[in-house]
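One structure is given here, and the rest of the page talks about it.
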Amino acid sequence: NLKIDLVSNLTLLDDQKMEFLLDHDVAVSCSLDGPAEVHDQNRPFSGRGGSHAKVVKKIAAMKKKIEARRADFRGKSVEDLNAITTVSKYSLPFSREIIDEYLRLKFNNIFLRPLSPFGLSPDVRHQIGCGAEEFIRFYRKSLDYIIDLNLKGTLMIERNAYFALLKILK
């Protein structure tokens with residue numbers, strides 16, 4: 001009954017690795033910080049420019065493989081691929097654009113989380129991180145937009161809020 005969830009930027013996954021993950025029921029979450037101007041600022045390839053285009057290409061390839069398995073009645077669905085947003089100071093002005101990028105890529109959920117303090121030097125954290133108050137303002141603005149989208153008929157779930165409400169209501 002072990003459930004494994006791999007978090008990756010997907011850029012090193014080839015067809016064989018994708019098939020292995022799907023064959024072994026490994027859930028996959030990819031790092032996607034929004035549209036190219038935000039994602040590439042947060043996650044540049046060392047010396048090689050932005051990573052957004054390659055991540056989006058891999059998302060499409062993974063979704064295609066999952067859809068093929070659904071057609072083969074193997075129980076997989078596109079929801080078996082999720083994405084995770086890391087909010088940095090560069091993300092703060094782009095709450096709507098980040099959510100719209102997820103919708104454009106056919107994700108019906110988003111996981112908004114602040115930059116983790118672990119694994120980064122204090123200098124880097126200070127350069128790209130945002131404070132708690134800034135993140136909370138960003139999160140509230142994002143959640144307001146998500147609620148508005150849902151009221152207008154577009155399904156979008158913010159997973160922190162979803163899990164909190166699930167705990168409260170159950």
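If you read the sequence from its start, that first residue is 1, and numbering goes on from there.
In the hydrophobic clustering of this structure, I136 does not group with L143; members are Ile, Leu, Val, Met, Phe, Trp, Tyr whose side-chain heavy atoms approach within less than 4.5 Å, directly or through other members. Grouping the Ile, Leu, Val, Met, Phe, Trp and Tyr side chains by contacts below 4.5 angstrom, directly or via other members, places L151 with I146.
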Table please: side-chain donor-acceptor pairs of residues 97-104 below 3.5 Å, with sequence neighbours left out.
{"from": "D100", "atom 1": "OD1", "to": "Y145", "atom 2": "OH", "distance (Å)": "2.5"}
{"from": "D100", "atom 1": "OD2", "to": "Y145", "atom 2": "OH", "distance (Å)": "3.4"}
{"from": "E101", "atom 1": "OE1", "to": "R104", "atom 2": "NE", "distance (Å)": "2.9"}
{"from": "E101", "atom 1": "OE2", "to": "H52", "atom 2": "NE2", "distance (Å)": "2.8"}
{"from": "E101", "atom 1": "OE2", "to": "R104", "atom 2": "NH2", "distance (Å)": "2.9"}
{"from": "Y102", "atom 1": "OH", "to": "L32", "atom 2": "O", "distance (Å)": "2.6"}
{"from": "Y102", "atom 1": "OH", "to": "T85", "atom 2": "N", "distance (Å)": "3.4"}
{"from": "Y102", "atom 1": "OH", "to": "T85", "atom 2": "OG1", "distance (Å)": "2.7"}

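Residues that satisfy the side chain to side chain donor-acceptor pair (under 3.5 Å) test with S29, not counting sequence neighbours, are D5. Qualifying salt bridge (Lys or Arg N to Asp or Glu O under 4.0 Å) partners for D15, counting only residues two or more places apart in sequence or in other chains: K65. In terms of the side chain to side chain contact (heavy atoms under 4.5 Å, CB included) criterion, residue partners of I4 (sequence neighbours excluded) are, by chain and number, L2, V26. Residues satisfying the side chain to side chain donor-acceptor pair (under 3.5 Å) test with T154, not counting sequence neighbours, are none.
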Derivation of the side-chain contact (heavy atoms from CB on, under 4.5 Å) call for S91 and N42: CA-CA 8 Å; S91 311; N42 284 352; 3.3 Å; yes
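The two residues F94 and F138 have their closest heavy-atom pair at C-CE1, 4.4 Å. In terms of heavy-atom proximity, K89 sits nearest to G129 at CB-O, 3.7 Å.
When side chains are defined from C-beta on, I59 counts as touching C30, because their heavy atoms get closer than 4.5 Å.
Counting only residues at least two apart or on different chains, the salt bridge (Lys or Arg N to Asp or Glu O under 4.0 Å) pairs with a member in residues 27-38 are D33-R43. For residues 51-62, no pair satisfies salt bridge (Lys or Arg N to Asp or Glu O under 4.0 Å), with sequence neighbours left out. Under the salt bridge (Lys or Arg N to Asp or Glu O under 4.0 Å) criterion, the residue pairs touching residues 136-149 are D148-K152, with sequence neighbours excluded. For residues 158-170, there are no salt bridge (Lys or Arg N to Asp or Glu O under 4.0 Å) pairs, not counting sequence neighbours.
The distance from atom CG of L112 to atom CZ of F135, rounded to the nearest 0.5 Å, is 6.0 Å. One finds the CD1 atom of I66 at 5.0 Å from the CG atom of L81 (value rounded to the nearest 0.5 Å).
Listed by chain and number, the hydrophobic cluster partners of F111 are V7, I84, where partners are ILVMFWY side chains within reach of under 4.5 Å, directly or through others. Annotation for Y162: hydrophobic cluster partners, listed by chain and number, are L155, I157, F163, L166 (ILVMFWY side-chain heavy atoms under 4.5 Å, direct or chained).
Side-chain atoms of N108 do not come within 3.5 Å of backbone N or O of M156 as any donor-acceptor pair.
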